[in-house]
There are 2 protein chains.
Amino acid sequence: MTECKRSPCPVACVLDILGDKWTLLVVRDLLFGKHTFKAFQESPEKIPSNILADRLKRLEREGVVVRKVYQERPRRHAYYLTDKGKELSTVMRSMVKWANKYIPETYDLKTIRGMLKE
Amino acid sequence: MTECKRSPCPVACVLDILGDKWTLLVVRDLLFGKHTFKAFQESPEKIPSNILADRLKRLEREGVVVRKVYQERPRRHAYYLTDKGKELSTVMRSMVKWANKYIPETYDLKTIRGMLKE
DNA sequence: TTAGTTACTTTCAAATAACAAGTAACAAGG
DNA sequence: CCTTGTTACTTGTTATTTGAAAGTAACTAA
């Protein structure tokens, strides 16, 4: 079973998992304590529901996220980061540092955490 | 002039610039000393030429890259990272660290540097 | 019975990506 | 000169992905 990736470059491999406009925002929400489909949808960027469903599936397949039943009747699921997922916090923080330095009017992490809670 | 971004979240803003499968590979090549259109095309992931042209334009517009004439007759250009671009090395390194830990058979930075030189 | 909630899936036009081929501006060789 | 080669793109053309809206399933509560 040959794993089919573009190249053995770690950057390319990360981009095969996270290289799009939405995936890392879901990871951000998970890191900030959001766990349900609805909660992700309510974030300020307003991710379309079909894209969200697709990205959650992909993250689960990649072992970044696990899905757990949190309620029977009606059956409802919640999403959690695995250790692999949790360690993306370092990648995210380096991005935040860069953005705060070079992109005007971006909030810092604390402010964002506040925004997502409301 | 209201800047039109999805949200003031630094993660979202970074993804508006780098959130796709190719852009950060061009930045990687630049960090590793590649500077010409042809050199980027020769990297192992084989970026299509129209996508490369588009990404270089976008990176220039975002102030991550500058284009300089390195030869008149025929006129030829080379691309270089600005300070803003160079500081993406920290983001890239955090990705490499994560990939080396969680994605099997990814090379380390030194090996990749070697691959890109040949 | 009707409305509301959550977690999706489906539909479809529009945008984007991938692949192949073409072009411009020269240089070098025969 | 004329052809071949090189670099840096651009232009089609087709394939895939996206995004907005609407629909569905399985309930709960009024």
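The figures that follow rest on heavy atoms only: side chains count, while hydrogens, waters and symmetry mates do not.
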Using whole Å, what does the distance between atom [atom2] of nucleotide [N] and atom [atom1] of [X] come to?
{"X": "F37(A)", "N": "dA7(C)", "atom1": "CZ", "atom2": "P", "result": "8 Å"}
{"X": "Q71(A)", "N": "dA25(D)", "atom1": "CD", "atom2": "P", "result": "20 Å"}
{"X": "K34(B)", "N": "dT7(D)", "atom1": "NZ", "atom2": "P", "result": "13 Å"}
{"X": "E72(B)", "N": "dA25(C)", "atom1": "CD", "atom2": "C1'", "result": "12 Å"}
{"X": "Q41(A)", "N": "dA7(C)", "atom1": "CD", "atom2": "C1'", "result": "8 Å"}
{"X": "I47(B)", "N": "dA20(C)", "atom1": "CD1", "atom2": "P", "result": "16 Å"}

field: H35(B) ring center near Y80(B) ring center (under 6.0 Å)
entry: yes
message: Keeping S94(A) on the side-chain end and S94(B) on the backbone end, is there a donor-acceptor pair under 3.5 Å?
response: no
message: For V14(B) versus M95(A), what's the shortest heavy-atom pair and its separation?
response: CG2-O, 3.7 Å
Starting the side chain at C-beta, find the nucleotide from [options] nearest to [X].
{"X": "H77(A)", "options": "dC8(C), dG19(D), dA18(C)", "result": "dC8(C)"}
{"X": "Y70(B)", "options": "dC8(C), dT7(D), dC9(D)", "result": "dT7(D)"}
{"X": "P74(B)", "options": "dA27(C), dA7(C), dA18(C)", "result": "dA27(C)"}

- prompt: Can you find an N or O donor on one side and an acceptor on the other, under 3.5 Å apart, linking the side chain of S49(B) with the base of dT10(D)?
  reply: yes
message: Would the base of dA18(C) count as contacting N50(B) through its side chain, where contact means a donor and an acceptor less than 3.5 Å apart?
response: yes
task: Step through the shown structure and confirm whether more than 12 heavy atoms of other residues, nucleotides or ligands are within 6.0 Å of NZ on K97(A).
output: no
message: Side chains of V96(B) and D108(B), heavy atoms from C-beta outward: is any pair under 4.5 Å?
response: no
message: Under 4.0 Å, heavy atoms only, any strand: does R76(B) hit a base, just the sugar-phosphate, or nothing?
response: base
message: Using a heavy-atom cut-off of 4.0 Å across all strands, would you classify Y79(B) as base, sugar-phosphate, or nothing?
response: sugar-phosphate
Below 4.0 Å: OP1/OP2 of [N] and any side-chain N or O of [X]:
{"X": "W22(A)", "N": "dG19(D)", "value": "yes"}
{"X": "K38(B)", "N": "dA8(D)", "value": "no"}
{"X": "R67(A)", "N": "dC8(C)", "value": "yes"}

query: T90(A) and W98(B): side-chain contact (heavy atoms from CB on, under 4.5 Å), yes or no, with the steps?
result: CA-CA 9 Å; T90(A) 56; W98(B) 184 83; 5.5 Å; no
query: Quick one, which residues of residues 51-64 of chain A touch DNA chain D with a heavy atom under 4.0 Å?
result: I51(A), R55(A)
message: Between K34(B) and S43(B), is there a side-chain donor-acceptor contact under 3.5 Å, judged purely by atom types and distance?
response: yes
message: Assuming nearest nucleotide by heavy-atom distance, tell me which of R73(A) and D20(A) is located more 5' along DNA chain D.
response: D20(A)
